[in-house]
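Worksheet: the structure to be examined is printed underneath.
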2 protein chains.
Amino acid sequence: MSFTDNGKDTATRILDAAEVLFVEHGFEATSLRMITQRAAVNLAAVNYHFGSKEVLFQGVISRRLAPYNQECIEELRQALIDAPHGLSVDSIVAAYLRPAIRLAKDPARGGIIFIRLMSRVFAEPHDSLRDMLPRLYSDVLEAYRAALVKALPHLGSHEVSWRLQFAMGTIFYAFAGNDVARLLSQNNVPGARDPQEIVKHLVPFVVAGLTAPNRPA
Amino acid sequence: MSFTDNGKDTATRILDAAEVLFVEHGFEATSLRMITQRAAVNLAAVNYHFGSKEVLFQGVISRRLAPYNQECIEELRQALIDAPHGLSVDSIVAAYLRPAIRLAKDPARGGIIFIRLMSRVFAEPHDSLRDMLPRLYSDVLEAYRAALVKALPHLGSHEVSWRLQFAMGTIFYAFAGNDVARLLSQNNVPGARDPQEIVKHLVPFVVAGLTAPNRPA
DNA sequence: GTCTATAATAAGATAGAC
DNA sequence: GTCTATCTTATTATAGAC
């Protein structure tokens, strides 16, 4: 590993630049030339270090995701220790979002950029990009799904799956920075990009959705 | 207007093909060659009829959206006539989703493909594509926002905006066909692509989210 | 309006010197 | 590991015959 003047090696510089650009422009619209220019490295370095643009994308995700997943699982484990007789839906949602807030505040681990990238991946049309997440993320989801099934015993397992799916959609969409808010011509929601502010309004919505009565008239 | 053997003119054939391909692959990854090949028209026809790929995209959206918007507004107007003293959140959500279900069942107006395309637009990284929707969709949103503000008088206008934003995110995500469901290794949600089935499970979730107490402890 | 042919450009990937 | 130079292939868009 050789180092450049700003203290990061070439592969890391490429990952950092790619992370930002993939969020901003999506996979297809981000060229290797944009990435290497931003990273101030040679064009050929991408293929030397990663082999292809697609593998680079996987690298951008996986470098951050593994430790983050650990944190999510650990957070749930701790919550379960503190309340061994089962968690409320509220505590489950709060536990799920706590690592996200911590990550959002920590630029060294990608910060809000990585949160937004995760949200974006689900919307990537590229099958190979979208399909990498189930593999990388299923452990976390299964853990939280199990907790929810326990917390909502009156709902069937299928209904919990539906609601978890909606909840994930809501959360990812809220963090994606797509600014559905901008749709509203008036009343631009203030603080719509601040993760802490988002979560404050998001938690009641998601908790209420998850705990909704099984079938209103 | 000259017509080909299957009864549709060239511009329409291009729009039909582009609609499907933009949903499937996104804007960037869909080439004019894919479109003209699928439409069985000449490559140059796109630029003759539309001028550019971006204008074509706008054309795909706007041909369907104007009549659909009319329907959404009319649905709300009718509901308000039937209940002149104000609508429940439940009726508002139901009114909003009714045109979507009708459209989803009507392939002649784009069917589920167009619903999914709308959902996808919000996730398009291209600014110029994402930014066309506020202009085209704000009337509908403002109408439903006003109804929600009336139905939820105890919430501030800002809070209603937040929740409408979350609700729209949930709904669009649910229809986008991104299959967050596939994240769950087990328990693949059955019927996850059938609009009627989606709506059945979606309504209680969204209504509960919108009517959540203002700030649970 | 529709076609062929092509211009102009940008993309991902690689070979080979250093 | 890093560079320059280039290959190969794709793209959007257009010019001009019919």
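Keep in mind that this is a model prediction, so the values were computed, not measured. Each chain gets a letter, A, B and so on, in the order its sequence line appears, and its residues count up from 1.
Nucleotide C:dA11 holds its P atom 10 Å from the CG atom of A:Leu43, rounded to whole Å. Distance CD (A:Glu28) to P (C:dA10): 17 Å, rounded to an integer number of Å. As a whole-Å value, the separation of A:Asn42 CG from D:dT4 P is 6 Å.
In this structure, the side chains of B:His201 and A:Arg163 stay at 4.5 Å or more apart for every pair of heavy atoms. With contacts defined as side-chain heavy-atom distances shorter than 4.5 Å, the pair A:Phe27/A:Lys53 qualifies. Residues B:Leu56 and B:Ile35 have side chains in contact (heavy-atom distance under 4.5 Å, counting atoms from C-beta outward). Inter-residue side-chain proximity for B:Lys200 and B:Glu197 is flagged as met; some heavy-atom pair is nearer than 4.5 Å. With a 4.5 Å cut-off on side-chain heavy atoms, B:Tyr137 and B:Met118 count as touching.
Open room surrounds CD on A:Gln70; 12 or fewer heavy atoms of other groups in view lie less than 6.0 Å from it.
Residues forming a ring pair (Phe, Tyr, Trp, His ring centres under 6.0 Å) with A:Tyr96 (at least two apart in sequence, or on another chain): A:Tyr144.
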Only distances under 3.5 Å count here; give the side-chain donor-acceptor pairs of residues 101-115 of chain B to other protein atoms, sequence neighbours excluded, each with its distance to 0.1 Å.
| unit_1 | atom_1 | unit_2 | atom_2 | d |
| --- | --- | --- | --- | --- |
| B:Arg102 | NE | B:Glu71 | OE2 | 2.9 |
| B:Arg102 | NH1 | B:Glu75 | OE1 | 3.4 |
| B:Arg102 | NH2 | B:Glu71 | OE2 | 2.8 |
| B:Arg102 | NH2 | B:Glu75 | OE1 | 2.9 |
| B:Lys105 | NZ | B:Gln196 | OE1 | 2.8 |
| B:Asp106 | OD1 | B:Ala108 | N | 3.1 |
| B:Asp106 | OD2 | B:Arg109 | NE | 3.0 |
| B:Arg109 | NH1 | B:Glu71 | OE1 | 2.6 |

Expected list for residues 41-51 of chain A: side-chain donor-acceptor pairs under 3.5 angstrom, two or more places apart:
| unit_1 | atom_1 | unit_2 | atom_2 | d |
| --- | --- | --- | --- | --- |
| A:Asn42 | OD1 | A:Ala44 | N | 2.9 |

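Scanning residues 17-27 of chain B for heavy-atom distances under 4.0 Å to DNA chain D yields an empty list. Heavy-atom distances under 4.0 Å link DNA chain D to no residue of residues 32-40 of chain A. Listed by residue number, the members of residues 44-55 of chain A with any heavy atom below 4.0 angstrom from DNA chain C are A:Ala44, A:Asn47, A:Ser52, A:Lys53.
With respect to A:Asp127 and A:Arg130, a salt bridge is recorded, a charged nitrogen being found less than 4.0 Å from a carboxylate O.
Between A:Thr10 and D:dG1 there is no side-chain N or O to OP1 or OP2 distance below 4.0 Å.
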